[in-house]
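Below: one structure, written as structure tokens.
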Amino acid sequence: MAKDFLKREENYSKWYNDIVLKAGLAENSAVRGCMVIKPYGYAIWEKMQAALDKMFKDTGHSNAYFPLFIPKSFLSKEADHVEGFAKECAVVTHYRLKNSDNGDGIIVDENAKLEEELIVRPTSETIIWDTYRKWVQSYRDLPILVNQWANVVRWEMRTRLFLRTAEFLWQEGHTAHATKEEAIEETEKMLEVYTEFAEKFMATPVIKGLKSENERFAGAIETYCIEALMQDGKALQAGTSHFLGQNFAKAFDVKFSNKEGKEEYVWASSWGVSTRLVGALIMAHSDDNGLVLPPKLAPIQVAIIPIYKSDEEYKITCEKAKEIKKELESKNISVKLDDRDTHKPGWKFNEYEFKGVPVRIAVGMRDIKNKTVEVARRDTLEKTSYQEADIANKIEHLLEAIQDNLYQKALTFREDNTTKVDSWDKFKEVLDNKGGFILAHWDGTAETEEKIKQETKATIRCIPLNSIAEKGKCVYSGNPSEKRVIFARAY
RNA sequence: CGAGGUGUAGCUCAGUUGGGAGAGCGCUAGACUGGGGGUCUAGAGGACGUUGGAUCGAGACCAACCACUUCGACCA
């Protein structure tokens with residue numbers, strides 16, 4: 001299976017694509033630009049969902065569901081918002097089909113034209129704020145802290161599995177608040193949730209920051225983001241959280257009476273992460289032997305493979321394997337015992353390695369005799385013989401060690417690939433030869449950002465939140481700058 | 001939306017001047033095997049992307065269309 005598998009340095013994007021296909025995560029579908037997420041890939045998304053959903057609930061949010069279709073007129077109520085999304089919307093114009101007159105198929109019934117065309121949601125701010133108008137009258141109705149898990153459609157020209165597809169799955173939180181301060185606090189709180197998720201579950205370090213005006217969400221006052229660095233030196237936006245001010249409240253006339261009985265517009269935030277995170281996860285940790293998954297998001301944490309020759313040995317090794325499985329499961333470790341007789345042990349070793357299973361345990365007659373098991377860890381590819389006694393505790397600690405090691409490795413990689421740059425020549429040189437994050441001074445103007453983008457394809461990924469004030473000169477224009485921002489080529 | 005490329009078995013592809021549709025992998029059955037994708041034998045599997053055209057004759061030539069893909073512009 002992986003014999004003809006490419007190395008990362010040969011062709012990074014083909015390497016990525018092959019992992020997605022051959023590890024059984026997803027595949028292209030009959031519909032252009034849309035993907036089929038296969039069970040193993042969906043299982044990773046479900047682990048992500050479960051972790052995030054708990055974090056949302058723990059911060060006081062509730063789930064709800066809003067329609068897939070948005071009346072066309074809604075979209076145009078917020079000027080920046082419609083401008084940002086208009087070019088990539090799927091539109092429903094009719095609601096019925098009929099047999100064609102010449103009998104060779106089915107056609108749109110032109111008599112079934114919709115009075116008002118419907119947009120397939122590219123995001124749900126408009127339909128949600130139209131709804132919130134009905135929910136809010138008094139400050140007592142606030143805040144509204146709602147999240148929805150949904151699919152959205154953005155009609156992309158060029159697509160890549162998980163990283164950019166015409167339809168994708170995500171969550172979008174939409175909150176309404178009585179004050180500006182509270183809405184900003186919410187926006188920042190959710191960025192913190194995303195950061196914690198990325199670092200603790202995905203084992204991927206991220207940089208928190210603000211988007212420049214060019215990169216800001218259409219309709220937001222301020223867009224916060226977390227940016228991760230992939231192994232090919234390109235940046236990937238792993239999550240965004242927007243402070244929407246009163247833009248949508250004004251567009252949809254959502255007002256409330258405050259304690260003094262005065263009418264005010266509601267303050268808003270929205271925030272989201274998508275199945276793109278699965279792509280980020282793949283690119284952050286995987287190696288030339290295939291997928292590498294952090295234990296906290298791996299659908300299978302431990303695979304157990306019995307090694308046997310005869311039917312009798314099959315029974316004995318499977319019996320031992322089942323014992324071990326049960327012990328591990330008592331520690332809430334997810335275990336797959338692969339007792340299929342239809343595949344050879346060697347084949348299974350490669351299979352689980354390619355699929356990124358963090359720990360593999362082999363049990364053979366030799367092990368049983370010695371009261372040991374052979375343990376192989378995916379992150380380092382090390383094989384060690386463990387005494388069978390107290391195996392569950394040992395594996396539990398091993399999984400923690402793997403999770404930690406992946407994070408440290410990714411952090412070291414990011415540090416090694418973050419470069420401070422003070423001249424335009426150096427900027428271009430680092431970008432072309434090394435890649436990664438570039439910390440450089442910027443004069444704060446959209447014009448300079450646009451020129452840098454045109455000349456180098458690098459964009460401002462974010463203005464880091466924790467950056468230290470440092471006077472300097474813009475790397476491009478030479479104009480004065482107050483602090484460094486992060487440039488990179490991005491996904 | 002612009003420029004190129006590719007459509008032949010489940011997958012990757014070969015197919016010479018236009019004349020009998022092939023290989024490797026995978027799949028099925030059996031035997032030997034079994035601590036890193038094993039070997040051998042036998043077998044199944046095809047509207048050659050679609051439509052039209054020139055030709056005695058097209059997988060191959062011509063045209064249109066469709067799909068996929070790479071690179072650009074756009075984007076999470």
Side-chain angles (χ1 to χ4, degrees), chain A residues 1-6 11 13-14 17-18 21-22 27-34 83-89 104 122-123 152-172 194 211 214-218 220 223 225-228 234-242 270-280 289-290 303 305-311 313-314 317 340-355 360-370 372-376 381 383 385 453-454 457 459 461 490-491:
Chain A
M1 191 195 224
K3 281 179 205 159
D4 52 355
F5 183 61
L6 280 174
N11 185 338
S13 70
K14 188 163 182 358
N17 219 328
D18 281 0
L21 296 175
K22 290 181 182 170
E27 62 190 37
N28 284 307
S29 71
V31 183
R32 180 199 183 93
C34 295
E83 200 190 319
F85 286 106
K87 283 171 289 183
E88 50 187 24
C89 285
D104 64 356
T123 179
V152 287
V153 169
R154 297 180 188 175
W155 211 261
E156 298 290 346
M157 288 301 159
R158 282 187 64 192
T159 58
R160 293 193 66 192
L161 293 168
F162 287 115
L163 297 174
R164 178 167 300 110
T165 46
E167 180 193 17
F168 56 94
L169 307 182
W170 77 345
Q171 58 69 215
E172 45 181 327
Y194 289 153
K211 284 296 188 190
N214 283 348
E215 302 278 324
R216 198 175 289 155
F217 174 74
T223 288
C225 65
I226 51 174
E227 292 285 328
K234 284 168 84 173
L236 187 140
Q237 179 178 302
T240 49
S241 183
H242 314 290
S270 71
W271 28 274
V273 298
S274 73
T275 37
R276 184 178 228 206
L277 287 182
V278 178
N289 297 302
I305 298 166
I307 314 284
Y308 53 88
K309 290 183 181 166
S310 61
D311 282 356
E313 289 184 6
Y314 176 75
T317 50
R340 289 177 297 175
D341 191 37
T342 50
H343 295 274
K344 304 279 163 66
W347 192 94
K348 292 175 185 173
F349 287 178
N350 281 286
E351 173 79 359
Y352 292 110
E353 196 165 289
F354 199 81
K355 290 196 154 183
R360 184 187 70 233
I361 295 178
V363 184
M365 295 307 287
R366 253 182 357 233
D367 296 305
I368 291 176
K369 198 174 134 202
N370 300 332
T372 60
V373 292
E374 183 194 87
V375 176
L381 298 169
K383 281 203 278 197
S385 210
K453 185 180 173 183
Q454 277 169 12
K457 288 177 196 160
T459 49
R461 298 322 304 154
Y491 277 98

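Sequence lines set the chain letters: A, B, ... in the order given, protein chains first and strands last, and positions in each chain run from 1. Just the heavy atoms: all of them, side chains too, but no hydrogens, waters or symmetry mates, feed the values below.
Stem analysis of RNA chain B (Watson-Crick or G-U pairs, both distances under 3.5 Å, runs of at least three) returns B:1-7 with B:66-72, B:10-13 with B:22-25, B:27-32 with B:38-43, B:49-53 with B:61-65.
At least one side-chain nitrogen or oxygen of K453(A) sits closer than 4.0 Å to the OP1 or OP2 atom of rC75(B). Phosphate proximity of rC11(B) to K22(A): absent, as no side-chain N or O sits under 4.0 Å from OP1 or OP2. For rU69(B), the OP1/OP2 oxygens have a side-chain nitrogen or oxygen of N28(A) closer than 4.0 Å.
F168(A) is linked by a ring pair (Phe, Tyr, Trp, His ring centres under 6.0 Å) to W170(A), counting only residues two or more places apart in sequence or in another chain.
Comparing S274(A) and G33(A) along RNA chain B, the residue whose closest nucleotide (by nearest heavy atom) sits nearer the 5' end is G33(A).
Looking at K383(A), its side chain comes within 3.5 Å of the base of rG36(B) through a donor and an acceptor atom. Judged by atom type and distance alone, K344(A) reaches the base of rG38(B) through a side-chain donor-acceptor pair under 3.5 Å.
The gap from the P atom of rC66(B) to that of rU50(B) amounts to 15 Å, rounded to the nearest Å. A gap of 13 Å separates the C1' atoms of rA14(B) and rA9(B), to the nearest Å.
Taking 4.0 Å as the cut-off between side-chain N and carboxylate O, K344(A) and E351(A) do not count as a salt-bridged pair.
Minimum atom distance to the side chain of R360(A) is reached by rG36(B), of the listed rG36(B), rA76(B), rG37(B). Residue R276(A) has its side chain nearest to rA76(B) when only rC75(B), rG35(B), rA76(B) are considered.
Across the protein-nucleic acid pair, L161(A) atom CG and rU70(B) atom P stand 10 Å apart, rounded to whole Å. Spacing between atom CD of Q454(A) and atom C1' of rG72(B) amounts to 14 Å, rounded to whole angstrom units.
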